[in-house]
Every structure is written in C-alpha cells, then in structure tokens.
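The structure appears right after this line, and notes come after that.
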Amino acid sequence: MGSVRTINDDNQLQGELRSAGTKLVVVDFTATWCGPCQRMAPIYDRLSVKYPNAIFLKIDVDKCPNTAMNQGVTAMPTFIFFKNRTRVGICQGANEIDLESKIKECYGNGDADDTEGSVAGHMDLSSFIVKTQCECLNESDEHPLIQCLSADDGYLESDCDEQLIMSFTFTQAVKVHSLKIKAPSDKGPKIVKLFINQPRTIDFDMADSNTSTQDITFTMKEVEEGNPVQLRYVKFQNVQNLQIFVKDNQSGSETTQIDHLAIIGTPINTTNMGEFKRVAGKKGESH
C-alpha cells in the first residue's frame with residue numbers, strides 16, 4: 001500500500017501544505033466518474049511508495065470544487081506540484097512516464113529538512129531553476145554545469161583555467177539565503193563573486209572588474225564538507241537571476257571542480273490557500 005492521503009474538504013489542503021514544510025507535495029485532482037483517473041490510481045499509489053520523502057494527496061474535484069477551480073483544473077487527472085506552499089509544476093493526463101518524470105524533476109534530494117547541511121525554514125531552489133536557460137562559461141565538455149546541480153550526477157569542471165561563470169534563471173522571483181558548494185579541498189572554489197538580476201550573462205572581464213552583490217571567500221573546510229555559507233540576506237530579497245563568478249580555487253590548481261552546488265532560499269510568491277473561500281463560487285457550482 002502507498003501513502004496517498006485523501007483531501008475531502010476545501011479547507012484541508014491549506015494545513016497539508018503548511019505542515020509539509022519544504023517537502024514536495026503532489027496533488028492528484030481526480031473524479032470517481034473519470035476512467036483515466038481510476039487507471040492512474042494504482043500507479044499513483046506505487047509512486048508514493050517509490051518517493052517516500054514526498055507527500056502524495058488526492059482531491060476529488062466534486063468534493064472540493066473551490067480548490068479545483070482556483071487551481072485552474074479543467075481536465076482530470078491533473079497533478080499539481082507544490083514546495084514551500086508554492087506551485088512548482090503541473091502534469092495533465094493519464095501518462096505514467098510524464099508523471100514520474102515531473103516528480104523526479106521536483107523531488108530533488110527528497111526532504112530538504114533532513115538533508116545534511118540544510119537551512120531551517122529554507123529549501124534547495126533547484127526545482128525553481130530554468131534548466132534550459134542555465135549557462136556556464138569555461139565549463140568542460142565532459143563535466144558541464146548540469147552535472148553539479150544534483151548530489152549524484154557527476155561534477156562540474158572548468159576547462160582551460162580555474163575560472164567559471166555560472167548563470168541561473170529562476171521560474172519566479174526568489175529570496176536567496178545561502179550558497180552550498182561541495183568540492184574537493186584542493187580544486188574547490190575559493191574567491192566567489194555573486195551578481196543578481198543581470199540583463200545578460202556577464203563575461204570574465206566584467207565579472208572581475210564590476211562591483212558584485214557580494215563577494216565570498218570559501219574556506220577549504222567549507223567546500224570539503226559542503227556546508228551552507230549564509231549570504232547578506234537583505235541583498236538577495238528579489239532575485240530573478242543569479243550569476244556566480246569563481247575567480248580562483250583553493251590551491252591554485254589548473255582547473256576548478258564542483259561536485260554539488262545548491263542555492264538555498266525561498267520563493268517569494270507562496271500559495272495563499274486562505275483566499276479560496278473569498279474568490280471561489282458556492283460549493284456545488286459548476287467547475
């Protein structure tokens with residue numbers, strides 16, 4: 001048996017999202033009269049077992065019409081994904097492959113609260129990064145940026161010298177609290193400059209000469225252990241894109257290596273479930 005919980009009331013989802021913290025919440029909008037929904041039910045149940053650090057909920061659109069309407073659900077099944085009470089994705093239709101692919105994309109390392117080096121009240125913002133718009137200058141062909149965005153997919157390595165410029169665009173404005181870089185003690189970054197909300201990716205001359213939002217000097221211990229380094233939080237309250245310039249590394253090695261990079265923070269726009277009753281129609285109205 002899986003661990004799918006059924007929501008029977010429009011007011012119930014608010015509490016579920018609050019108590020989930022930074023865990024991924026998957027919500028299946030379903031109906032008893034929907035054949036594809038019934039075919040997906042055992043698959044959804046199995047996925048809840050396979051991804052134990054996510055919360056799987058099921059909502060009957062006839063029992064919770066306000067919730068369905070406010071989430072824009074017009075077809076069943078519709079699966080909506082939340083993190084930190086923020087909607088981070090949607091998957092429509094009875095397609096097992098698409099559903100699991102979206103779960104994997106949003107799941108990350110599972111429960112951020114239990115992840116070593118996590119920051120209380122904040123989350124890994126990887127699911128808010130537009131992967132197709134990530135860019136890295138001077139990355140190795142064999143070890144590109146994408147390999148360091150999860151803890152177990154290889155590593156990023158610079159190409160012709162030790163410097164790197166990494167550019168990240170977010171799906172929505174975020175607050176960035178900390179930066180976590182795990183790397184070998186000798187090849188890990190040392191001096192790092194952060195730039196936010198740039199109109200385009202900066203080049204190395206600009207990165208070296210322009211005034212940054214913040215400069216950080218990582219210690220050998222910080223990169224070896226992969227501990228979060230807190231930023232000047234007040235300067236990172238409305239971040240739409242973040243560029244990270246790695247100026248040098250710990251030992252002056254020819255190349256820089258990053259095993260895992262995590263941007264820790266919170267999205268600005270969270271779902272206000274308390275608005276549902278005020279804007280929704282009366283229970284029983286067409287949805």
Side-chain angles (χ1 to χ4, degrees), residues 1-114 123 126-128 171-172 267 269-287:
M1 285 292 291
S3 54
V4 178
R5 295 206 290 272
T6 301
I7 300 296
N8 291 311
D9 185 275
D10 279 313
N11 298 321
Q12 219 176 323
L13 185 56
Q14 180 182 13
E16 292 284 355
L17 293 177
R18 279 208 189 103
S19 63
T22 57
K23 284 185 178 182
L24 172 65
V25 179
V26 188
V27 184
D28 175 12
F29 287 87
T30 184
T32 55
W33 43 263
C34 167
C37 297
Q38 304 314 311
R39 290 197 299 274
M40 286 296 289
I43 294 167
Y44 190 65
D45 197 65
R46 288 197 298 271
L47 290 171
S48 73
V49 176
K50 189 172 181 179
Y51 298 92
N53 287 329
I55 294 171
F56 287 75
L57 305 176
K58 187 185 291 284
I59 294 179
D60 188 319
V61 297
D62 292 315
K63 293 181 179 179
C64 301
N66 291 354
T67 304
M69 183 177 68
N70 281 273
Q71 290 299 324
V73 175
T74 57
M76 275 68 70
T78 292
F79 303 91
I80 299 182
F81 303 79
F82 297 90
K83 267 190 173 180
N84 229 33
R85 297 169 60 205
T86 302
R87 182 164 159 166
V88 297
I90 186 170
C91 182
Q92 292 179 308
N95 188 313
E96 178 180 358
I97 294 173
D98 286 353
L99 176 59
E100 184 164 16
S101 175
K102 194 66 179 179
I103 291 171
K104 286 180 179 177
E105 178 187 328
C106 297
Y107 190 72
N109 294 321
D111 182 7
D113 290 332
D114 293 335
M123 61 192 291
S126 59
S127 59
F128 295 89
T171 57
Q172 62 174 274
N269 297 319
T270 57
T271 303
N272 185 357
M273 302 299 293
E275 293 291 302
F276 280 8
K277 276 191 171 181
R278 185 173 61 80
V279 301
K282 293 179 181 178
K283 190 166 184 176
E285 287 184 356
S286 173
H287 53 270

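Here the structure is a predicted model, which is why all the values come from computation and not from measurement. Side-chain atoms are counted along with the backbone in the values below, which use heavy atoms only and exclude waters and symmetry mates.
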Q: Could you tell me which non-hydrogen atom of Gln92 sits nearest to which non-hydrogen atom of Thr74, and how far apart they are?
A: NE2-OG1, 4.4 Å
Q) Can you tell me how far CG of Asp10 sits from CE of Met69, rounded to the nearest 0.5 angstrom? A) 9.0 Å
Q) What do the steps show when you test Asn8 against Cys64 for side chain to side chain contact (heavy atoms under 4.5 Å, CB included), and what is the final call? A) CA-CA 7 Å; Asn8 291 311; Cys64 301; 5.7 Å; no
Q | Ser48 side chain to Ser3 backbone, donor-acceptor under 3.5 Å | A | yes
(Q) Less than 3.5 Å apart, any donor N or O on the side chain of Arg87 or Gln71 sitting next to an acceptor on the other? (A) yes
Q: Would you give the length of the straight line joining atom CG of Asn95 to atom CD of Glu100, rounded to the nearest 0.5 angstrom?
A: 11.0 Å
Q. Which pair of heavy atoms, one from Asn11 and one from Asp9, lies closest together, and at what distance?
A. N-OD1, 2.7 Å
(Q) Contact between Phe81 and Glu105 at the side-chain level, heavy atoms closer than 4.5 Å - yes or no? (A) no
(Q) Under the rule for salt bridge (charged side-chain N to carboxylate O under 4.0 Å, His left out), what residues qualify as partners of Arg39, not counting sequence neighbours? (A) none
Q.
Would you compute the distance between atom CZ of Arg18 and atom CG of Leu13 and round it to the nearest 0.5 angstrom?
A. 10.5 Å
Q | Side-chain heavy-atom pair Phe82, Ile55 within 4.5 angstrom cut-off | A | no
Q) For Gln12, what residues pass the side-chain hydrogen bond (donor to acceptor under 3.5 Å, both in side chains) criterion, not counting sequence neighbours? A) none
Q) Short question: side chain of Asp45, backbone of Ala41 - any donor-acceptor pair under 3.5 Å? A) no
Q.
Is there a side-chain contact between Glu16 and Leu57 in this structure, where contact means two heavy atoms from C-beta onward sitting under 4.5 Å apart?
A. yes
Q) Quick check: does any side chain N or O of Lys58 sit under 3.5 Å from a backbone N or O of Val27, one acting as donor and the other as acceptor? A) no
**Q.** Min side-chain heavy-atom separation Asp28-Ile59 under 4.5 Å
**A.** no
Q: List the steps and the verdict of side chain to side chain contact (heavy atoms under 4.5 Å, CB included) for Phe128 and Thr86.
A: CA-CA 10 Å; Phe128 295 89; Thr86 302; 3.8 Å; yes
(Q) Can you tell me how far apart SG (Cys91) and CD1 (Ile80) are? Round to the nearest 0.5 Å. (A) 10.5 Å
Q) Any side-chain heavy-atom pair from Leu17 and Gln14 closer than 4.5 angstrom? A) no
Q.
So Pro267 and Lys83, do their side chains get closer than 4.5 Å, heavy atoms only?
A. no
Q) Do Gln38 and Thr30 have side chains that get closer than 4.5 Å, going by heavy atoms? A) yes
(Q) Can you tell me how far apart SG (Cys37) and CE (Met40) are? Round to the nearest 0.5 Å. (A) 9.0 Å
Q. For the residue pair Met76 and Ala31, what are the closest heavy atoms and their distance?
A. CG-N, 4.4 Å
Q) Looking only at atom types and distance, does a side-chain atom of Ser19 sit under 3.5 Å from a main-chain N or O of Gly15, one as donor and one as acceptor? A) yes
Q) After noting the C-alpha distance and the side-chain angles of Phe79 and Phe29, does the key distance pass the ring pair (Phe, Tyr, Trp, His ring centres under 6.0 Å) rule? A) CA-CA 6 Å; Phe79 303 91; Phe29 287 87; 9.2 Å; no
(Q) Any non-hydrogen side-chain atom of Phe56 less than 4.5 Å from a side-chain atom of Ile103? (A) yes
(Q) With rounding to the nearest 0.5 angstrom, report the CD1 to CG distance, Ile43 to Leu99. (A) 8.5 Å
